[in-house]
Amino acid sequence: MTVADWLAALDRRAALRAKAGLTRRLRARAAGDAVVDLAGNDYLGLATHPEVTAAAARALSAYGLGATGSRLVRGSTDVHHALEDALADWLGADRALVFSSGYLANLAAVRALVRPRTLLVSDAHNHASLIDGCRISGAETVVTPHADVAAVAAALAAAPGRPAVVVTESVFSVDGDLAPLARLHAVAREHGALLLVDDAHALGVTGPSGAGGVAAAGLAGQPDVVVTATLSKALGGAGGVVAGPAEFVRHVIETGRTFIFDTALPPAVAAGVHAAVGLARAGDDLRAELADRAALAVRRLGAAGLAVSAPDGAVVSVTTPGPEAATAWAADCRDRGVAVGCFRPPSTPDSRSRLRLTIGAGVPRADFERALETIVACAP
Ligand SMILES: Cc1ncc(COP(=O)(O)O)c(C=O)c1O
């Protein structure tokens with residue numbers, strides 16, 4: 001095949017995506033743009049909090065721009081350790097380990113939980129990083145219907161005597177609903193299986209002092225539960241975390257390829273996120289505001305006849321007639337100064353396209369309410 005053939009084949013595939021309404025384009029974003037943000041994940045408005053940026057700035061001048069290597073090769077800074085101690089304490093876990101992204105944390109966590117003959121039981125709505133974690137682990141994976149505890153129990157019962165891990169999100173990233181974590185844990189324990197929970201959209205948003213969905217379900221610190229999360233959503237930064245029994249975290253440090261072979265989280269980001277943890281823990285008023293806004297969004301959009309999800313966190317999804325309608329709807333909103341997420345396959349677990357609204361307490365209340373009116377006005 002010539003280079004020209006190869007490029008032509010890529011063009012044909014782009015044309016097929018365009019025909020299916022699945023084109024993805026980068027758009028410019030200016031610093032401090034005036035758009036009302038219902039697309040980002042800065043749930044508590046901490047990305048720009050002065051205490052967070054000041055902590056990051058101090059570490060930036062102390063350590064420089066990047067970590068300059070993996071922590072095993074280059075050394076592990078006090079900033080990383082302080083962040084990990086703070087996260088473990090908040091999550092009620094024995095020990096925590098940070099990664100340069102939540103995606104990489106999930107890849108490492110799934111793989112580290114797999115032993116010979118392990119069965120992975122993965123929820124159909126799980127995030128791409130968990131799906132890829134299951135694939136990369138090489139373990140047999142059964143995908144169970146969304147939030148279906150009976151199906152999980154049946155999958156475990158069909159593999160007696162085998163090590164097994166139940167893999168789920170807590171607040172799901174697409175529809176914002178909460179997994180039945182306590183029941184999943186009970187079923188997992190009954191069958192001697194472990195439970196892996198990605199708390200990405202719940203950390204800082206739900207649970208006591210914002211400690212997330214696992215803590216809310218009373219499962220913090222359970223020895224058969226491993227928690228992962230991204231530090232890029234309610235904590236406003238970047239990076240990921242794996243938290244669980246100390247023996248497990250030690251195993252990840254010594255064997256986790258996405259920990260060992262990846263340049264560490266920049267110290268400046270670790271310091272900023274550490275400051276954000278303190279603010280998030282103390283942010284009950286922000287969480288109350290988020291819950292109030294999510295309920296308002298459901299009421300307003302529902303009253304306009306739109307098909308809205310029932311959110312347990314700060315993610316609200318609105319079903320659209322198809323991918324083209326989703327793209328046009330999101331573009332119209334953007335033209336009127338409101339940024340919303342436009343979720344189409346393969347970013348959705350089924351064939352339904354959605355507008356995804358991520359509610360942030362940092363958006364002024366009046367702007368948020370006007371944004372809801374804009375979304376209704378632009379509906380197809
Ligand atoms: C549920 C979930 N897990 C993991 C990730 C990945 O986290 P990160 O962006 O830090 O790689 C995301 C999205 O960003 C997510 O929504």
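Both ligands and their constituent atoms are indexed starting at 1 by order of listing. Because the structure is a prediction, the values reported are computed rather than measured. Any value given below was found using the heavy atoms of this structure, including those in side chains, with hydrogens, waters and symmetry copies removed.
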| query | Between R344 and S353, does a side-chain hydrogen bond (donor to acceptor under 3.5 Å, both in side chains) hold up when you go through it step by step? | reply | CA-CA 4 Å; R344 298 158 297 164; S353 295; over 6 Å; no

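Looking only at protein heavy atoms, the nearest one to atom 16 (O) of ligand 1 is H201 NE2, 2.8 Å. Here the protein heavy atom with the shortest distance to atom 9 (O) of ligand 1 is S232 OG, 3.8 Å. Annotation: atom 3 (N) of ligand 1 to nearest protein heavy atom, D198 OD2, 2.6 Å. Of the protein's heavy atoms, H127 CE1, 3.4 Å lies nearest to atom 5 (C) of ligand 1. If you check which protein heavy atom lies closest to atom 13 (C) of ligand 1, you get K233 NZ, 3.0 Å. At the top of the distance list for atom 8 (P) of ligand 1, counting protein heavy atoms only, stands G102 N, 3.4 Å. From the protein, the heavy atom lying nearest to atom 11 (O) of ligand 1 is Y103 N, 2.9 Å.
Atoms of ligand 1 found under 4.0 Å from any heavy atom of A200, numbered from 1 in the order shown, are 1 (C), 2 (C), 3 (N). Within ligand 1, the atoms closer than 4.0 Å to a non-hydrogen atom of N106 are 3 (N), 4 (C), numbered from 1 in the order shown. Close approach of ligand 1 to T230 is summarised as follows: ligand atoms under 4.0 Å from at least one heavy atom of the residue are 7 (O), 8 (P), 10 (O).
Side chain to side chain, D132 and S129 fail the donor-acceptor criterion of an N or O pair below 3.5 Å. Between the side chains of T228 and N106, at least one donor N or O sits under 3.5 Å from an acceptor N or O.
Cluster annotation: V241 and V273 are assigned to the same hydrophobic cluster (Ile/Leu/Val/Met/Phe/Trp/Tyr, side-chain heavy-atom contacts under 4.5 Å, transitive).
Of the options V252, L231, L265, L107, a side-chain contact (heavy atoms from CB on, under 4.5 Å) to F99 is made by V252 and by none of the others. Paired with L195 under the rule side-chain contact (heavy atoms from CB on, under 4.5 Å), one option of V121, V165, T168 passes, and it is T168.
The closest approach between any non-hydrogen atom of S129 and ligand 1 is below 4.0 Å.
Proximity of L104 to ligand 1, defined as any heavy-atom pair under 4.0 Å, is not found for any part of the residue.
Between V149 and L184 there is a side-chain heavy-atom pair separated by less than 4.5 Å.
Between R281 and D89 there is a salt bridge, since a side-chain N of the basic residue sits under 4.0 Å from a carboxylate O of the acidic one.
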